[in-house]
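Each residue takes its place number in the sequence, starting with 1. First listed ligand is number 1; within each ligand, the first listed atom is number 1.
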Amino acid sequence: MLQAKHITFSYNKTTVLEDISFVVEKGEHLSIIGESGSGKSTLLKVIYGEYDLDNGQIFWKDQEVLGPKYNLVIGYDFMKYVAQEFDLMPFISVEENVGKFLSNFFPEEKKQRTAELLEVVELTSFAKTKVKILSGGQKQRVALARALAKQPEIILLDEPFSHIDNFKKQSLRRSIFKYLKDKNIACIVATHDKDDVLGFADKMIVLNDKKIHANNTPQYLYSNPEKPLIASFFGEFNIINNTIIYANQLQVVETSTLKATITQSYFKGNYYLVEGNLNGNKVFFEHHVDIDKGKTVFLKRID
Ligand code: ADP
Ligand code: MG
């Protein structure tokens, strides 16, 4: 189990994290979400032992994670970290990068392990390719495979799919997160993409203004978004009579007390996001077809 206990951290004099506490169980998947600049990357680096804390402690099981002041070599064998700016060796091949930290005394095992990992990140056909000529997304996948090579107990992933295009992203996410679950490897994933969280994370922490604003399951936080920041992570929403209502919770009905004039319809694939004016405020709802500008409709909350 990873335990973060009352962590406070500042860059020079600027405090970025204040009194942060949480736990990650063995094999658990924790997502850290928050706006850009909220401290997600900093939190991962601090957990990895890259910086010294102002206050607080971090433990993996009984072992305290210590910063550079107390540790000559940053990092531990049980923990791996894939930075937002991954750093690979450009002039050697994909498979050499992945196998870099595996022992040469077991060539057969090394070969098998490398092949297994390349399959997880869907790069088998690039095994012999030099990393230098890969795209950003392909490099990111090599970095993921390399971090997994020595089978850590916990892995820290910073925006792990940010450079990967939509064609590959869905299947890669499933493949990586399934692999981690199958091997019982805990993970902490910093992201601003709800698709990295929904369907995969056991727990989700919302970082805002240096603090943890919520720590719960994605299901709970989706159903009980106590703050607009939390609702905005999941999708388009409205605040009507002081209540947060997602766009997909409003339905057009024959008549109701919510009368809106349509201003715009946006095609979203299997639905339209319709924008209207409700008593001088913008309102958003989902509808199966588009609605003409200027038309009036009545809306009702459905659950
Ligand atoms: P996120 O990953 O959520 O976008 P970061 O952890 O990168 O947020 O940044 C949190 C805050 O710390 C930001 O205000 C950022 O400008 C600042 N920051 C990040 N890295 C450094 C650094 N090396 N030195 C000083 N300030 C930094
Ligand atoms: Mg970041």
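S265 and D290 share no donor-acceptor pair across their side chains, judged by distance under 3.5 Å alone. A donor-acceptor pair shorter than 3.5 Å can be found between the side chains of S93 and E96. For the residue pair D54/S10, the side-chain donor-acceptor check at 3.5 Å is satisfied. Side chains of K110 and N104: a donor on one and an acceptor on the other come within 3.5 Å. A donor and an acceptor atom, one from each side chain of D158 and S41, are located under 3.5 Å apart. For the residue pair S171 and E122, a side-chain donor N or O sits within less than 3.5 Å of a side-chain acceptor on the partner.
For Y266 and F284, the ring centers sit 6.0 Å or farther from each other. For an aromatic pair to be called close, the ring centres must be under 6.0 Å apart, and F267 with Y272 satisfies this.
Put simply, the side chain of T42 reaches to within 4.5 Å of the side chain of Y11, judged on heavy atoms.
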Could you go through ligand 1 and list every pair where one of its N or O atoms sits under 3.5 Å from a protein N or O, giving the atom names and the distance to one decimal?
from	atom 1	to	atom 2	distance (Å)
ligand 1	2 (O)	S41	N	2.9
ligand 1	2 (O)	S41	OG	2.8
ligand 1	3 (O)	S38	N	3.3
ligand 1	3 (O)	S38	OG	3.4
ligand 1	3 (O)	G39	N	3.0
ligand 1	3 (O)	K40	N	2.9
ligand 1	3 (O)	K40	NZ	2.9
ligand 1	4 (O)	G37	N	2.7
ligand 1	6 (O)	T42	N	2.9
ligand 1	6 (O)	T42	OG1	2.5
ligand 1	8 (O)	G39	N	3.1
ligand 1	20 (N)	Y11	OH	3.3

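Excluding waters, the protein N/O/S atoms found under 2.8 Å from the Mg ion (ligand 2) are S41 OG, Q84 OE1.
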